[in-house]
Colleague: 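This is the structure I want to talk about, given as structure tokens.
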Amino acid sequence: MIIKYYNILFFTVFLIYTTVFLFLTQKNPEFFPVSINYIAFGIFFLMTIYHSKLLVKVPKSMLMIVLIFFMFTVSVLYGPDKLMAVKQWISLFLLYYILLFIYAFLDVAYAKSILLSVLLISIVYIVLSVNFYNQNLDYQGMYIGLTGNRHNTSMIFGVFASIAIATMLLYQSKITYFIAIIAVMALQILIFLTWARIGFFVELIFLLFMIPYFLTAIRYKYLKYSFIVVGIIIATLAFFYLRQFYMIEEYINNAIERGTTGRTSIDTALFNWQAQNGWLLFALGFGIGSLEHYAYLSDLFIRDTNNITGIIFVIGMIGFLLYFLLFLQLMIILKNNIKNKESYVFASLALSIFLVPSETSWQNFNYFTTVFMYICITLAIKYDKFKGTHI
């Protein structure tokens, strides 16, 4: 009985967090006195702390998550800005607690319901994005969306599209197919209007990892509508894009000119600073919160560095090694769970965010896409039929 109560509680808290984050606090971060994850996940922690002793014994399959949490925690001791370090660590701790809870208690039905609920939320998000389109253009006429930042908007759209496709695969009902197809098609147009390619990159990674599953599904006569649905999506998008080919050509040229991340100067500044401070800080990093402390190293927004540079700067090569091992664990989960739909889909969703080259999505612990990525990682590990680190 208590397990069912906890499942309902977590599902409710996650919906509140997601809704408030997406619709209220992105453009207005000071809407609440503290970040919404402090409030939502903090309440969840207080309401479940009585049984938190059940989470103390961590399974081997969660070892990489535990070690990453430990590395960030230790880095608080030597971080240059203790206040910033503690603020970020609290977000990390609440997320870590949530992940342990998910692994220990969350039923597969509620895990799938998370995807369905985000799909429905994305429909509302799409409607509002279209309705307020003219009010959300920057000085160049590019669409910045409800986040106030076209790159963040594009990434959220890409995550929404991947979730829509994943929901189709997990539910396989006509109404789910209909809603998801409409959402995916609308999201492609919205991503294009942002002129930020990160959303397309998220979708591409997800679909590339899903190809082996699609092929296996057809071979074993599962998901008989998979290729039909994907075909409809591709045909619709092709029709839209071919009608505006000159815009596509300009978009591609701009993307090439910006390079792979568009923020190489930030990466170079961080790397050079780390190289100047000796091998120990290269191995351990400058500690959690150090990106904000050393923001003066670049004229650009320091968080626009890529994940690898950002993680090495904060928790060093040791931290990067742990994330690399986590990546290998997810890849092995994909290899071993080609017929295990839940684990395979959640691992693919996690990797679609994990492998985004720009942004610091590995350590934005209060941000929706980062929270969702770690939840998907945990669910992929939880439903892995082999239940081991594999490393």
Side-chain angles (χ1 to χ4, degrees), residues 1-21 36-70 72-73 89-121 163 166-167 170-171 326 329-330 333 336-337 340-350 353-354 365-366 368-390:
M1 186 66 183
I2 191 67
I3 301 299
K4 183 177 180 181
Y5 163 74
Y6 280 169
N7 275 264
I8 295 172
L9 177 62
F10 173 75
F11 181 72
T12 304
V13 166
F14 178 79
L15 283 186
I16 293 171
Y17 161 78
T18 302
T19 303
V20 172
F21 179 90
I36 180 59
N37 65 308
Y38 282 16
I39 300 172
F41 297 154
I43 291 173
F44 180 82
F45 171 74
L46 293 175
M47 293 183 69
T48 58
I49 194 172
Y50 178 77
H51 287 95
S52 61
K53 61 181 180 293
L54 299 176
L55 305 178
V56 174
K57 187 178 180 180
V58 180
K60 290 182 180 179
S61 54
M62 288 287 285
L63 179 62
M64 289 306 122
I65 297 291
V66 174
L67 291 177
I68 287 170
F69 172 74
F70 175 78
F72 274 110
T73 300
W89 183 85
I90 292 173
S91 290
L92 171 62
F93 170 77
L94 292 173
L95 176 58
Y96 176 72
Y97 181 84
I98 289 290
L99 300 183
L100 293 183
F101 166 85
I102 288 173
Y103 190 93
F105 297 122
L106 194 66
D107 292 337
V108 66
Y110 285 96
K112 291 163 64 175
S113 296
I114 287 175
L115 294 186
L116 181 60
S117 64
V118 176
L119 171 61
L120 297 176
I121 289 172
I163 290 172
T167 306
L170 292 179
Y171 277 90
L326 180 60
Q329 182 177 359
L330 289 172
I333 286 174
N336 292 337
N337 290 270
N340 182 8
K341 183 166 53 177
E342 285 77 15
S343 184
Y344 196 97
V345 168
F346 281 116
S348 297
L349 281 172
I353 303 173
F354 188 91
F365 302 118
N366 63 342
F368 167 74
T369 51
T370 299
V371 170
F372 182 74
M373 177 190 76
Y374 282 108
I375 288 175
C376 287
I377 290 174
T378 304
L379 290 172
I381 296 172
K382 177 181 176 68
Y383 301 128
D384 173 17
K385 62 182 180 181
F386 288 94
K387 284 289 188 299
T389 62
H390 314 297

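For reference, positions follow the sequence shown, starting with 1. A quick note: this is a predicted structure, and the numbers were derived from the prediction, not measured.
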Colleague: Specify whether Phe45 and Phe93 have parallel, tilted or perpendicular ring planes, treating 30° as the upper limit for parallel and 60° as the lower limit for perpendicular.
Modeller: perpendicular

Colleague: So how far is it from Leu326 CG to Ile68 CD1, rounded to the nearest 0.5 Å?
Modeller: 5.0 Å

Colleague: Mind checking whether Phe69 and Met62 have side chains closer than 4.5 Å, heavy atoms only?
Modeller: no

Colleague: Return the CZ to CG distance between Phe44 and Leu9, rounded to the nearest 0.5 Å.
Modeller: 5.0 Å

Colleague: Testing the basics here: between Tyr103 and Lys382, what is the closest heavy-atom pair and its distance to 0.1 Å?
Modeller: O-NZ, 2.8 Å

Colleague: Once side chain to side chain contact (heavy atoms under 4.5 Å, CB included) is applied, do any residues pair with Thr370, and if so which ones, sequence neighbours excluded?
Modeller: Ser361, Asn364, Tyr367, Tyr374

Colleague: What distance separates Tyr383 OH from Thr378 OG1, expressed to the nearest 0.5 Å?
Modeller: 10.5 Å

Colleague: Identify the heavy atoms of Ser343 and Ile333 that sit nearest to each other, and give their distance.
Modeller: OG-CG2, 3.2 Å

Colleague: Measuring from atom OG1 of Thr48 to atom CZ of Phe101, what distance do you get when rounded to the nearest 0.5 angstrom?
Modeller: 7.0 Å

Colleague: Assess the residue pair Ile36 and Phe41 against the criterion (side-chain contact (heavy atoms from CB on, under 4.5 Å)); give the C-alpha distance rounded to whole Å, side-chain angles, the decisive distance to 0.1 Å, and a yes or no.
Modeller: CA-CA 8 Å; Ile36 180 59; Phe41 297 154; over 6 Å; no

Colleague: If the test is side chain to side chain contact (heavy atoms under 4.5 Å, CB included), which one of Leu349, Ile353, Ile102, Ile65 qualifies with Ile377?
Modeller: Ile65

Colleague: Taking the side chain from Asn7 and the backbone from Asp107, do they hold a donor-acceptor pair closer than 3.5 Å?
Modeller: yes

Colleague: Looking only at heavy atoms, which two atoms of Val371 and Phe365 are closest? And how far apart?
Modeller: CG2-O, 3.6 Å

Colleague: Could you tell me which non-hydrogen atom of Ala350 sits nearest to which non-hydrogen atom of Cys376, and how far apart they are?
Modeller: CB-CB, 3.8 Å

Colleague: Please report the interatomic distance CG(Leu94) to CD1(Ile39), rounded to the nearest 0.5 Å.
Modeller: 11.5 Å

Colleague: Apply side-chain hydrogen bond (donor to acceptor under 3.5 Å, both in side chains) to Ser91 and list each qualifying residue two or more places apart in sequence or on a separate chain.
Modeller: Asn37

Colleague: Using modelled atom types only, decide if a donor and an acceptor are shared between the side chain of Glu342 and the backbone of Leu379 within a distance under 3.5 Å.
Modeller: no

Colleague: Side-chain atoms of residues 10-17: list all donor-acceptor pairs with protein atoms under 3.5 Å, sequence neighbours left out, distances to 0.1 Å.
Modeller:
from	atom 1	to	atom 2	distance (Å)
Thr12	OG1	Ile8	O	2.8
Tyr17	OH	Asn366	O	3.1
Tyr17	OH	Phe368	N	3.2

Colleague: When rounded to the nearest 0.5 angstrom, what is the spacing between CG in Leu92 and CG in Leu99?
Modeller: 9.0 Å

